Number of protein chains: 2
Amino acid sequence: MENSTPTRKRGRPLKTDGSNMTTKEKLVRYGTVILTEKGLASTGLDEILKTVGVPKGSFYHYFASKDDFGLAVIQHYETYFANKLDRCLWNKNRTPLDCLADFIEEAKDGMTRHAFKRGCLIGNLGQELGALNEKFRVPLEKVFLDWQNRVADCLERAKTTGQISSQTDSQEMAAFFWIGWEGAILRAKLVKSCAPLDLFAKHFFNSF
Amino acid sequence: MENSTPTRKRGRPLKTDGSNMTTKEKLVRYGTVILTEKGLASTGLDEILKTVGVPKGSFYHYFASKDDFGLAVIQHYETYFANKLDRCLWNKNRTPLDCLADFIEEAKDGMTRHAFKRGCLIGNLGQELGALNEKFRVPLEKVFLDWQNRVADCLERAKTTGQISSQTDSQEMAAFFWIGWEGAILRAKLVKSCAPLDLFAKHFFNSF
DNA sequence: TTTATATATAGACTGATCGTCTAGTAAAAT
DNA sequence: ATTTTACTAGACGATCAGTCTATATATAAA
């Protein structure tokens, strides 16, 4: 048997080794991918460990439990996604509402590129663990509230440009957006098509 | 040790015994409950078997595999839910749109009664297995299409009573309904409140 | 009545995989 | 030189889905 990845040295790694912080990072990074596809319960630790090339002992050095790992993955995804959202929503060459439409287009690209297998990590784990596990429920909902605020801010900007009525309840519309959007992603995975995403987007923009 | 449930008789059951079909039924019935709460992967066979009081041999007599059992549970839920839907939607004392609102109220009652832990089996399994397992994806989507048709029919009736414009695309609105509704259920489980359901319902009815 | 067969229960057993933990190695710090 | 820190290695018991053999009995066939 031969190792595909160069065998990790035992013992404490060299301080000067630039890549010594990457073990945890690699775990979280691949965890984000695989948990988005398969969820937490269906994903075996061994699968992650084998893919990343990290022994079990290391995993439990970095994370207290599998749940703890899941929480770290959520945190990682939260900032990754918030950046993505802001990059779209703060585009100064576009009107606020077009910014939101751009985000939708980018998400559609991502869904298509991954053959409708991934969707949204927060939605997936929310469905799997939200109702069952209080340890996950609260952080998961916090992520949604954060995203909701970013969209609400975007809608507030759309008011100042006169793109939507100043009477609009931005928070409510932002909540409506994420509720419907997550539903659309779930359905898009089922039909393996962007049609549900487009359909929701159309009705969302029509309701201003 | 004493048996909580009266011990099942060994051997081939009486043809005339009215309750001889109940073993399989009991499995499916409890399966519907537990799979709605925890999904397929997170639920162990032993847990189901112990709760229902059925030995493993019986389970694998009735079902070829755990997946096969999951498919049977889906089928059972499909007809149960279709009946529930029709009971609401064909209420002759109410206008078609009020019928839909009644269904929403009934669903809200159910969610509250089960402390926001259950939600919708099809949505849950759709999220868990839809993208991964083709064996589940197709039947799951079929269920949504069936429900969609029932709502579309209801909207057609609303046209004849003049409650909504005859220009409305019933199929599209019905699709929009289930997309948003499943998203709302997911979110309601996260916040342990009916607010997301109400919020989606409000915007849905406003878009006619 | 006797025999054969179909139906279903009963639960021990298997091999794989689960998450967790203890022991050990080696660099770094003292 | 000794201790501490950082990390690896794999053993561990529990549990998983699934299989198998044995048993009991209603029904069908003789």
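Proteins come first, then strands; the chains are lettered A, B, ... in the order of their sequence lines, and each starts at number 1. All of these numbers come straight from a predicted model, not from anything done at the bench.
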Between [atom2] of [N] and [atom1] of [X], the distance in whole Å:
X: K24(A); N: dA6(D); atom1: NZ; atom2: C1'; answer: 13 Å
X: K26(A); N: dC7(D); atom1: NZ; atom2: P; answer: 13 Å
X: Y62(A); N: dC7(D); atom1: OH; atom2: C1'; answer: 6 Å
X: I48(B); N: dC16(D); atom1: CD1; atom2: P; answer: 11 Å
X: F69(B); N: dC16(D); atom1: CZ; atom2: P; answer: 15 Å
X: K50(B); N: dG11(C); atom1: NZ; atom2: P; answer: 14 Å

Once ring-ring contact (aromatic ring centres under 6.0 Å, His included) is applied, do any residues pair with [X], and if so which ones, sequence neighbours excluded?
X: F208(A); result: F204(A)
X: F136(A); result: none
X: F116(B); result: none

Should the ring pair F200(B) and W181(B) be called parallel, tilted or perpendicular, given that the plane angle runs from 0 to 90° and is split at 30 and 60?
tilted
For the residue pair F59(A) and F63(A), does the interplanar ring angle fall in the parallel (under 30°), tilted (30 to 60°) or perpendicular (over 60°) class?
tilted
Output yes when at least one side-chain N/O atom of H61(A) is less than 4.0 Å from OP1 or OP2 of dC7(D), else no.
yes
Any Lys/Arg nitrogen of R150(B) or D146(B) sitting under 4.0 Å from an Asp/Glu carboxylate oxygen of the other?
yes
For the side chain of R187(B) and the backbone of L197(B), is there at least one donor-acceptor N/O pair under 3.5 Å apart?
no
Test of understanding: with salt bridge (charged side-chain N to carboxylate O under 4.0 Å, His left out), list the residues that count as partners of D68(B), not counting sequence neighbours.
none
Any chance you could list the contact pattern along nucleotides 12-19 of chain C? Use B for base contacts, S for sugar-phosphate-only contacts and - for none, protein heavy atoms under 4.0 Å, 5' to 3'.
------SB
Please give the angle, rounded to 10 degrees, between the axes at the start and the end of the helix from dT1(C)-dA30(D) to dT30(C)-dA1(D), where five pairs define each axis.
10°
